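Read the structure below first, then the notes.
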Amino acid sequence: MIRNTSYYALNLWNEYLSAYNQKSEYVENVEEPALNQFTYDFTHFCGHINSDGLKARQFEIHIERVRIGDIIEIEADFLNVGGGANGSIVIMDEINSAIFTSYPSDNATNRFKRLRIKHSSNQNTRYKILVGLENGKAGNVKIRNVKVKVHSSMQGSQSRKLVIEGNAGYTEKYKIRKDFAYDDATLDVRTNEIVVTWRYPISSELRPVPSISLDDTGNSKLYIPRISACTQTGFVLRFYDLTGALVPIANMNITSSVFVNVSVTS
């Protein structure tokens, strides 16, 4: 089942510049970049790379986490300006860069030619899409109309949510309530805090913003919950009494349930 389709593209100058992996090589107001330089062609709305092949010179697009069987569709127009290697599209596992698939273009030297690929993921992971000249490939190419479409069975929201209940009657004392809407996570109960780690981290480059509340039931009203160290992978939850003093987890009164509702959004 396809639950979400995400779109990514490179068209404008600032998009190409922010995506280029060798930003210090950027030059402007030139028709032809020198060796190991990159510029943007404002007439044809394309990136222009000239490389000696000693390092990869590519535009990077980081896509959301995918699951096995999700489909990634990519297309880009390539023009070989000065001979040498043609451009390529590479799909690389962002967690393990040794896992990648390369798709070389066969662009002509007198016109842009479009490369279209469709890739079925065989990993539960995050990918980055690399468009340009790979390491070891010397060439002079223009690239435009970079488009990426990801058909995913993952939920489309860049957010996570859960309800944690503390109750002395539980074997583990604290657990995620799975009869509420929730995202898979693990709890690490420590001396002064509970560390929550999402099973599937948020793939956004931006840190998420947390929202937290307590149900007005049981012993919840005795405590003030606070979140710190909130990142794409999880957060830290601490409890304070009504005077503002930190309460060690072992001192929590959970003879009656304490419910904490947490959501984070990026």
Side-chain angles (χ1 to χ4, degrees), residues 1-8 18 61-67 70 94-95 124-128 150 152-266:
M1 176 186 292
I2 299 298
R3 293 182 174 177
N4 177 45
T5 299
S6 302
Y7 301 89
Y8 308 83
S18 63
I61 297 176
H62 299 257
I63 66 175
E64 294 181 11
R65 179 174 288 271
V66 297
R67 287 180 175 170
D70 288 352
E94 194 164 13
I95 299 173
N124 293 326
T125 188
R126 289 193 303 273
Y127 287 105
K128 59 181 175 182
V150 182
S152 179
S153 58
M154 294 281 287
Q155 185 176 353
S157 174
Q158 285 285 30
S159 64
R160 300 291 183 270
K161 56 190 173 299
L162 52 69
V163 174
I164 301 172
E165 181 184 3
N167 190 302
Y170 299 146
T171 300
E172 296 178 342
K173 306 304 180 189
Y174 294 88
K175 72 175 184 178
I176 297 172
R177 285 286 298 263
K178 296 186 177 180
D179 53 335
F180 291 87
Y182 75 99
D183 290 280
D184 284 346
T186 59
L187 304 183
D188 180 10
V189 181
R190 301 181 180 178
T191 301
N192 292 316
E193 60 201 20
I194 298 175
V195 178
V196 177
T197 303
W198 303 115
R199 182 179 179 188
Y200 298 108
I202 294 175
S203 60
S204 171
E205 297 300 313
L206 303 177
R207 291 182 62 173
V209 177
S211 175
I212 187 169
S213 64
L214 285 172
D215 278 5
D216 190 20
T217 57
N219 286 337
S220 300
K221 63 188 71 176
L222 301 179
Y223 302 104
I224 302 169
R226 293 175 181 165
I227 286 178
S228 65
C230 185
T231 68
Q232 291 87 343
T233 59
F235 58 89
V236 174
L237 172 65
R238 297 187 179 95
F239 295 90
Y240 296 80
D241 64 22
L242 300 184
T243 70
L246 177 66
V247 179
I249 299 300
N251 294 350
M252 293 280 294
N253 184 347
I254 51 175
T255 54
S256 180
S257 291
V258 173
F259 289 91
V260 187
N261 313 315
V262 182
S263 65
V264 297
T265 303
S266 179

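Note that this is a predicted model, so its numbers are computed, not measured. Throughout, residue positions are numbered sequentially from 1 according to the sequence presented.
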With no hydrogens and no angle check, is any side-chain donor or acceptor of [X] less than 3.5 Å from a backbone partner on [Y]?
X: Asn261; Y: Val163; answer: no
X: Asn219; Y: Asn253; answer: yes
X: Ser220; Y: Leu214; answer: no

task: Decide yes or no for Met252 and Val247: does some side-chain heavy atom of the first lie under 4.5 Å from some side-chain heavy atom of the second?
output: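 Yes, side chains in contact.
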- prompt: Does Ser211 reach the side chain of Thr265, with side-chain heavy atoms less than 4.5 Å apart?
  reply: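 Not in contact.
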- request: Go through Leu187 and Val196 one step at a time and tell me if the side chain to side chain contact (heavy atoms under 4.5 Å, CB included) criterion holds.
  value: CA-CA 5 Å; Leu187 304 183; Val196 177; 3.6 Å; yes
Restricting to non-hydrogen atoms, name the atom on [X] and the atom on [Y] that form the minimum distance, rounded to 0.1 Å.
X: Trp198; Y: Lys161; value: CH2-N, 3.8 Å
X: Arg238; Y: Ser228; value: NH1-OG, 2.7 Å
X: Asn167; Y: Ser257; value: ND2-OG, 2.7 Å
X: Arg190; Y: Ile249; value: O-CG1, 3.3 Å
X: Ile212; Y: Arg226; value: CD1-N, 4.2 Å
X: Leu246; Y: Phe239; value: CD1-O, 3.4 Å

At what distance, to the nearest 0.5 angstrom, does [atom1] of [X] lie from [atom2] of [Y]?
X: Arg199; Y: Arg160; atom1: CZ; atom2: CZ; answer: 12.0 Å
X: Leu237; Y: Cys230; atom1: CG; atom2: SG; answer: 11.0 Å
X: Phe235; Y: Ile227; atom1: CZ; atom2: CD1; answer: 4.5 Å
X: Asp70; Y: Thr125; atom1: CG; atom2: OG1; answer: 11.5 Å

- prompt: So among Glu94, Arg126, Lys128, which one has a side chain to side chain donor-acceptor pair (under 3.5 Å) with His62?
  reply: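 Filter result, single survivor: Glu94.
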query: For Ile254 and Tyr170, what are the C-alpha separation, side-chain angles and deciding distance, and is it a side chain to side chain contact (heavy atoms under 4.5 Å, CB included)?
result: CA-CA 10 Å; Ile254 51 175; Tyr170 299 146; over 6 Å; no
- request: Could you go through the side chain to side chain contact (heavy atoms under 4.5 Å, CB included) check for Leu242 and Ile224 one step at a time?
  value: CA-CA 7 Å; Leu242 300 184; Ile224 302 169; 4.2 Å; yes
task: Please determine which of Arg177, Lys173, Lys178 meets the side chain to side chain contact (heavy atoms under 4.5 Å, CB included) test together with Lys175.
output: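 Only one option passes, and that is Arg177.
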query: Pick one: which of Asp188, Val260, Ile194 meets side chain to side chain contact (heavy atoms under 4.5 Å, CB included) with Tyr174?
result: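 The side chain to side chain contact (heavy atoms under 4.5 Å, CB included) with Tyr174 is passed solely by Ile194 among Asp188, Val260, Ile194.
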